[in-house]
Amino acid sequence: MTEINIAMPQGRRGKKASPDITRDANEFLRAVVETTPDCIMLVARDGRLLQMNAPGLQMIEACSFADVDHVSLYDLIVPEHQSSWRDHHRRVCQGENTAWEFEIVGLKGTRRYLSAHASPIGLADGTVGQLAIARDITSRNLAESALRQAKEALEEKVGERTRELQAALKRLQDSERSFGLLVEGVTDYAIYLLDPNGKVVSWNSGAARIKGYGSEEIIGKHFSCFYTKEDQALDFPMLGLRTALREGRMETEGWRVRKDGSRFWANAIIDAIRVGGQLVGFAKITRDITERRAAEERLRQAQKMEAMGQFTGGAAHDFNNLLMAILGSLELVRKRLPDDQRTRALLDNAVQGAKRGASLTQRMLAFARRQELKREAIDLASLVNGMNELVERSVGPNVNVEVHIPHQLSRLRTDATQLETAILNLAVNARDAMLGGGTINISAREERIEGGHSSGLAPGPYVCLSVTDTGHGMDEKTLARVTEPFFTTKGIGKGTGLGLSMVDGLTVQSGGRLAIHSQLGRGTRVELWFPVASETSTTVEPAPSSETTAASAPGRQLVILAVDDDSLVLTNVVAMLEDLGHKVIDVSSGSRALDVIDADPSVDLVVTDQAMPGMSGLQLIAAIQARRPTLPVILATGYAELPPGIDRAIGRLAKPFTQRELADAVAAMGDRLQ
């Protein structure tokens with residue numbers, strides 16, 4: 001409260017009423033004033049509020065004394081009580097102790113009845129003011145008013161039906177008592193009553209549990225305090241009452257606010273209560289259904305993800321066919337080009353672009369089908385250094401890439417191709433977070449995790465790969481969602497929202513975890529934790545590239561039946577096989593392939609696509625095995641995992657494949673060729 005020097009006033013005969021209050025006494029009185037539940041206020045002779053304790057501020061709905069500093073208390077008095085209040089205030093300022101009751105309107109519009117006891121008190125400016133102690137008697141007045149109304153209604157019907165009414169009243173009281181006990185015992189529902197204006201008049205234990213208010217805190221307050229500020233601005237609380245009044249009942253769902261400010265999703269029912277056709281109030285029942293709504297949202301998200309996965313798988317399969325035709329044709333063109341370094345450089349660049357597209361389709365298929373990773377022992381320093389040039393080209397000249405990975409670091413265990421993709425994805429994300437340029441630091445360390453670690457990782461040795469940027473960072477709300485599939489902060493056309501969710505999936509499937517640390521204005525650090533590879537793990541060795549290694553030469557010329565419904569792919573496969581020296585028969589469907597096999601016993605080998613209309617590759621293989629069990633078949637599929645039911649003895653090619661891979665697959669079936 002505001003510090004004011006107080007002196008006791010002179011009595012009417014000129015004698016001093018009491019000695020001056022000392023500083024120690026002031027401190028004592030201050031403690032008393034702030035701990036009493038009643039309103040204690042100091043009012044100047046002209047009606048201005050000079051001091052008021054915390055309970056008083058709560059009664060007039062002020063957040064602090066600054067809200068009412070030098071406000072005239074007279075302005076808070078309801079019009080019908082203003083004259084009486086002026087009279088009592090004048091008498092107090094003339095030295096008289098007095099008590100009276102009056103009604104005030106708080107700063108937020110709540111009306112309260114107060115019972116006040118006031119005494120004169122001398123102020124530092126030489127005038128006499130009012131020191132008042134006021135108690136909130138709103139509930140008592142409401143009860144007394146209700147009692148008077150009930151008494152008047154009862155007196156009107158006194159007469160020959162007195163005994164009948166008394167018996168009915170007893171039954172009603174017993175019923176109300178039983179109902180009250182029932183309502184009070186319900187804790188899963190907030191059940192309470194409102195007066196016709198929407199003020200709370202009853203409160204059960206369920207309401208206290210769900211909304212956080214005790215009955216003494218909420219009774220007498222308007223129920224709109226349970227609504228969000230947005231709903232209050234749209235007048236939703238009163239709209240609900242008007243709807244219930246018009247239709248008898250109103251049910252809705254929406255966000256509601258607890259005492260502590262937290263929100264919950266509520267199912268709310270309002271019933272209008274009438275007695276003899278007259279509205280007496282409203283019954284309100286509220287349930288907290290936040291968890292149910294969250295479960296429904298998770299189900300919708302899962303369905304959305306399933307549909308997106310199906311779409312992604314189909315799109316990636318079609319894209320694989322296009323890349324198959326591009327890569328195969330480029331390989332054949334390379335063989336026929338003159339020895340011109342400039343032309344070969346352009347061709348190699350096109351091949352690398354197509355291979356990056358193929359890598360992207362594998363990521364899409366992995367996301368759609370949740371394929372198992374090919375986990376191997378990886379030398380992280382060699383892997384990162386090998387792709388350093390690619391990272392630098394991807395992030396551009398404005399970004400400095402620093403790599404700090406110890407060469408003596410233990411090998412980690414994961415899928416090498418997916419890890420390369422993850423590092424590139426993180427580097428591009430970091431670049432996009434540094435619009436004016438900056439630095440990306442790629443580093444790694446080895447750490448042993450003990451049991452009970454906050455990361456949730458199983459005990460053991462791990463390698464932590466970190467990608468750190470100096471960008472704008474993320475707030476807590478964004479950070480909480482960055483691994484959600486399809487969530488992105490990038491503009492339209494600049495991000496799919498799949499990158500971090502796939503990085504997260506990579507670490508988890510590898511037995512590690514993803515950790516992201518970020519603050520607005522302080523950049524982001526992404527940590528990929530992978531378990532250290534065991535000594536028996538297979539080490540990843542660079543595979544010879546198709547650009548530098550010639551395709552395997554066939555042992556002899558074969559008659560090969562090529563089956564694919566995509567004319568681009570079929571043309572490409574035929575060209576690669578003929579370039580290898582084989583005779584090729586090409587058909588575009590499974591049924592036509594069976595016709596050829598039935599009519600031509602010279603066919604040595606079948607190369608077939610899997611996803612074809614009418615008859616799939618697996619169905620074709622089953623039909624071939626029924627006709628010619630010894631005829632070898634190679635199944636070409638863009639899907640990352642083997643389809644269910646495939647015979648592991650059948651040869652398999654992963655689309656898109658190179659001529660070398662095709663030649664190797666044909667050679668691998670050599671022991672079955674007749």
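Quick note: residue numbers are just sequence positions, from 1. When reading the values below, keep in mind they use all heavy atoms of this one structure, side chains included, and skip hydrogens, waters and symmetry mates.
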Taking all non-hydrogen atoms of both residues, which atom of M434 and which atom of D469 are closest, and how far apart?
SD-CB, 3.9 Å

Can you pull the salt bridge (charged side-chain N to carboxylate O under 4.0 Å, His left out) pairs that have at least one residue in residues 198-215, sequence neighbours excluded?
D188-R209

Does NZ or CZ of R448 lie under 6.0 Å from the centre of the six-membered ring of Y462, at an angle within 45° of the ring axis?
no

Are side-chain heavy atoms of L457 and P531 found at a separation under 4.5 Å?
no

With sequence neighbours left out, the residues meeting salt bridge (Lys or Arg N to Asp or Glu O under 4.0 Å) with D288 are R258

Indicate the atoms forming the closest heavy-atom contact of M474 with S518, along with that distance.
N-OG, 2.8 Å

Could you work out, with salt bridge (Lys or Arg N to Asp or Glu O under 4.0 Å) as the rule, every residue matching D87, not counting sequence neighbours?
R90, R91

Could you list the residues that satisfy side-chain hydrogen bond (donor to acceptor under 3.5 Å, both in side chains) with R135, not counting sequence neighbours?
D38

Residues at least two apart in sequence or cross-chain that pass side-chain hydrogen bond (donor to acceptor under 3.5 Å, both in side chains) with W255, listed by chain then number, are none

Which residues share a side-chain hydrogen bond (donor to acceptor under 3.5 Å, both in side chains) with N398, sequence neighbours left out:
none

Sequence neighbours excluded, which residues qualify as ring pair (Phe, Tyr, Trp, His ring centres under 6.0 Å) partners of Y227?
F223

Measuring centre to centre across the rings, with the benzene-like ring taken for any Trp, is Y192 within less than 6.0 Å of F226?
yes

Does D67 have any salt bridge (Lys or Arg N to Asp or Glu O under 4.0 Å) partners at least two apart in sequence or in another chain, and if so, which?
none

Of all residues at least two apart in sequence or in a different chain, which pass the salt bridge (Lys or Arg N to Asp or Glu O under 4.0 Å) check with E230?
R263

May I have the list of side-chain donor-acceptor pairs in residues 235-248 shorter than 3.5 Å, sequence neighbours left out?
| residue | atom | partner | partner atom | Å |
| --- | --- | --- | --- | --- |
| D235 | OD2 | R242 | NH2 | 3.3 |
| T243 | OG1 | L239 | O | 2.9 |

Report the residues that fulfil side-chain hydrogen bond (donor to acceptor under 3.5 Å, both in side chains) with W100, sequence neighbours left out, ordered by chain and then residue number.
none

Sequence neighbours left out, cut at 3.5 Å: what donor-acceptor pairs do the side chains of residues 105-113 make with other protein atoms?
| residue | atom | partner | partner atom | Å |
| --- | --- | --- | --- | --- |
| T110 | OG1 | E61 | OE2 | 2.4 |
| R111 | NE | E103 | OE2 | 3.0 |
| R111 | NH2 | E80 | OE2 | 3.3 |
| R111 | NH2 | E103 | OE1 | 3.3 |
| R112 | NE | D136 | OD2 | 3.3 |
| R112 | NH1 | M59 | O | 2.6 |

